[in-house]
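Here's the structure we're looking at; comments come further down.
Order of the sequence lines fixes the chain letters, A, B, ..., with proteins taken first and strands second; residue numbering starts at 1 for each chain. What you are looking at is a predicted structure, and each value in this text was computed from that prediction instead of being measured.
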Protein chains: 2
Amino acid sequence: MSRSSIGTSSRRRRTTSPRPRCRPRCGMGGSCIARDGVIRLDTVTTPGPRPTITEVARLAGVGRSSAARALGGYGSVSESTRDRVLAAARELGYETNELARSMSTGETRTIGVVLADIANPFFAGVLRGITEVCAAEGFDTIVVNTDEDVEREQAAVRLMLAKQVDGIVVSPTGGADADADHLEAAISRGVPVVQLDRTLSRLPGPAVVLDNREAAFAATQELLSAGHRRIALAWGPRSEVPADTVAGLQTAAQADLSTTRERLIGYLRALADAGLPADPRLVMTGDQTVDGVARFTREALSAERPPTAVVVTETDAALGVLQVLREQSLQSPRDLSLVGFDDAPWVQYLDPPLTVLSQPVEELGERSAQELLALMRGRPVSASLVHLSARLIRRSSVASLPS
Amino acid sequence: MSRSSIGTSSRRRRTTSPRPRCRPRCGMGGSCIARDGVIRLDTVTTPGPRPTITEVARLAGVGRSSAARALGGYGSVSESTRDRVLAAARELGYETNELARSMSTGETRTIGVVLADIANPFFAGVLRGITEVCAAEGFDTIVVNTDEDVEREQAAVRLMLAKQVDGIVVSPTGGADADADHLEAAISRGVPVVQLDRTLSRLPGPAVVLDNREAAFAATQELLSAGHRRIALAWGPRSEVPADTVAGLQTAAQADLSTTRERLIGYLRALADAGLPADPRLVMTGDQTVDGVARFTREALSAERPPTAVVVTETDAALGVLQVLREQSLQSPRDLSLVGFDDAPWVQYLDPPLTVLSQPVEELGERSAQELLALMRGRPVSASLVHLSARLIRRSSVASLPS
DNA sequence: CTGAAAGCGCTTACAG
DNA sequence: CTGAAAGCGCTTACAG
């Protein structure tokens, strides 16, 4: 119990400078002149003491290493030492400075999450899945919103590397021609990356995505088996010029998000399987917005041979179609059958309740976090590409056509 | 241009130990035995070099301080030195280690965001507002989901302090009697806290919230002015026993979230202003879930004197009411008038399109981030309590009653 | 088991 | 302007 203070102050604590350093949390009385030149009184911010291991060790009357061992739960310490240290820590209200810990260990227990739009219910649900898994494993998440802007995505990844995150989950913006240098930089620096929802063709790494091809296939087939033969696809590639051939469509989709590309492929394959020709005019191209979809829908409905049904592969696309139905006092499924994408509590109260393919939103997030954690721990990942399946929820927006 | 290496290695670089330290990013050839006892080959993880200022300085042939000054953009460096340093940095692919920077400066340029449910569209929108403002100012956000669990909230705040965040935005869980020790701890340690959406009565600090009282008042008044006299409130305090007096209701609300309390007060005040007595049986209490609301709605509708209208103050409450309407083949507004809370793209396509009070969701997030940044910069905050207003969007779920 | 020392990679006075 | 040194608060060998 001797409170010897001998040797408890390291050489570096004896600064040669008589004047303490000036910093916001300096804790000394008087005033500081900060870098910006503004004079601040300490009493204004009243920076409470954040005790360090040194203080705890001194109060407990042990060396800093012993205190660190007791506090950090590593190495070995006698029971009596541990007790004294923990008591001192409690008395001072000590909490580990994780920043300093990270400097030593090289791990921050923080992962970076780069998403296209966190206000979008899809990504909000995904984010929830990620944070739940990470939190359970003791990891924090830094989240960044890119709004589908590649430059913001690049800047986000750069900053995350600078902050030394242990891994990154990203829903990359960009299609086949998009470069993945920023993500490759992360990987080459030893920071694992898992792609979520979309995949970049230049980045062969692990990814967790919906089986979009299968989902669009199922949506189309649902309409085919109800007897529909002219089925539109609302949300296609954002090509500049409207494609007038299926091949043109596929080329355009190649430059789009992998989700858009895969859903187009699934749609086309369902038609082909049914022995039906695909009509490029029934596939939306161009402006990927609610208004863009509304415009496409109006045109399609006023064409010579209008569709009797539409596969709607985005929430915003559903909104665009619903808008036109209302405009033209049309009713679904009487005038147009619909199979949507993404479920939401509201969807069953729409008129009509929409038949949709529901994505396992939260699970996509959870799986991506699990894959990332496995990667960070050096464990072999289950697969380089994890496909999750959408679930068809039948409601009443699909009418049967007399055949 | 002399590449003198004299003096470029500090004392500490000359370690007395002949064996380099073993850590994942050690970069040396051969293998490491990590703490977990697993032998890993360096070539497995191929940890790319993360060059430090020391390497850059050496390559540029200048001292570490000069390199640091050139890289960090502080102090003064000659142009030629700066050029050589920047060239060397580019060649090595140098990026600042923000962790180390934070150790020195005491600021992490990271804020903590503690929300009740990030998958909820309200909080998802709020989060977006926060991250947009923070990103523009060069701050990252660590986000944590609490699911309205006080213990998770406390743990989150503790961890954020340990990670040395510069400030915290929190939507606190808990009512009047909830203790705010974890948040007070943050403040007393010099880490500013702003409350969002809800306020804790024990924490008088700055907060950004909706003017819930005014919003509920407006919703109720909308129904009153349409001639309704028996108006229910769907989503009230979660008291154990159903309150049979208005005073009992208010007492229960005092222990609930501030949002619930304020909305009840606004509802009651509108009735009082209209000279109408409040009927406690028309106010939901207890189970705050979709099912709870459905149960309440069923009972209210089957009572002796059923309500002709209901003020619905939560999204989940709207779902509960809609469920009962469907169950009983009732139609709004013919059988029941509705004023809801929170808008969403779907709401206009519901049957009927709901009249709602729309919250400025993103703005709530933006303002809270702005207040926090102001606080962190020591600038006086505009007000300790910022009230934002909801906007009434009239659609067709309110029927006029013959008076 | 224990303590002193070195190191993580920066920034910040200090002394040329 | 420039470089050597000290320090941020931890963890990690090392030597008792």
List for me each residue that meets salt bridge (Lys or Arg N to Asp or Glu O under 4.0 Å) alongside [X], sequence neighbours excluded, and say none if there are none.
X	value
Glu137(A)	Arg377(A)
Asp166(B)	none
Glu132(A)	Arg152(B)
Arg128(A)	Glu362(A), Asp117(B), Asp147(B)

**Study point:** Non-hydrogen atoms of Ala369(A) and Cys134(A) that approach each other most closely
**Key:**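 In terms of heavy atoms, the two residues are closest at CB-SG, 4.2 Å.
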To the nearest Å, how far apart are [X] [atom1] and [N] [atom2]?
X	N	atom1	atom2	value
Leu161(B)	dG9(D)	CG	P	15 Å
Glu107(B)	dC8(D)	CD	P	17 Å
Arg64(A)	dC14(D)	CZ	P	19 Å
Ile53(B)	dA6(D)	CD1	P	19 Å
Leu99(A)	dC8(C)	CG	C1'	12 Å
Leu71(B)	dC10(C)	CG	C1'	11 Å
Met103(A)	dA6(C)	CE	P	17 Å
Glu98(A)	dC8(D)	CD	C1'	16 Å

Think [X] has a side-chain N or O under 4.0 angstrom from the OP1 or OP2 of [N]?
X	N	answer
Tyr94(A)	dC10(D)	yes
Tyr74(A)	dT12(D)	no
Arg101(B)	dT11(C)	yes
Ser78(A)	dT2(C)	yes
Thr81(A)	dT2(C)	yes

By nearest atom, which of the nucleotides [options] is closest to the [X] side chain?
X	options	value
Ser65(A)	dT11(C), dT2(C), dT12(D)	dT12(D)
Ser104(B)	dC10(D), dA5(C), dC10(C)	dC10(C)
Ala100(A)	dC10(C), dT11(D), dG9(D)	dG9(D)
Ser66(B)	dT12(D), dG3(D), dC10(C)	dG3(D)

Taking only distance into account, with no hydrogens and no angle test, what donor-acceptor pairs under 3.5 Å do side-chain atoms of residues 87-94 of chain A form with protein atoms, sequence neighbours excluded?
none

Point to revise | Duplex segments of DNA chain C, taken as runs of at least three Watson-Crick or G-U pairs that stay under 3.5 Å | key: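 Stems (3+ consecutive pairs) listed as C:1-3 with D:14-16, C:5-12 with D:5-12, C:14-16 with D:1-3.
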Review point. Do Arg69(A) and Ser66(A) have side chains that get closer than 4.5 Å, going by heavy atoms?
Key: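 Arg69(A) vs Ser66(A): side chains touch.
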Review point. Has the side chain of Arg69(B) got a donor or acceptor atom sitting under 3.5 Å from an opposite partner on the base of dG3(D)?
Key: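 By the distance-only test, yes, there is a pair.
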Review point. Are Thr110(B) and Lys163(B) close enough, and set up right, to give a side chain to side chain contact (heavy atoms under 4.5 Å, CB included), and what steps lead you there?
Key: CA-CA 9 Å; Thr110(B) 302; Lys163(B) 289 207 173 170; over 6 Å; no
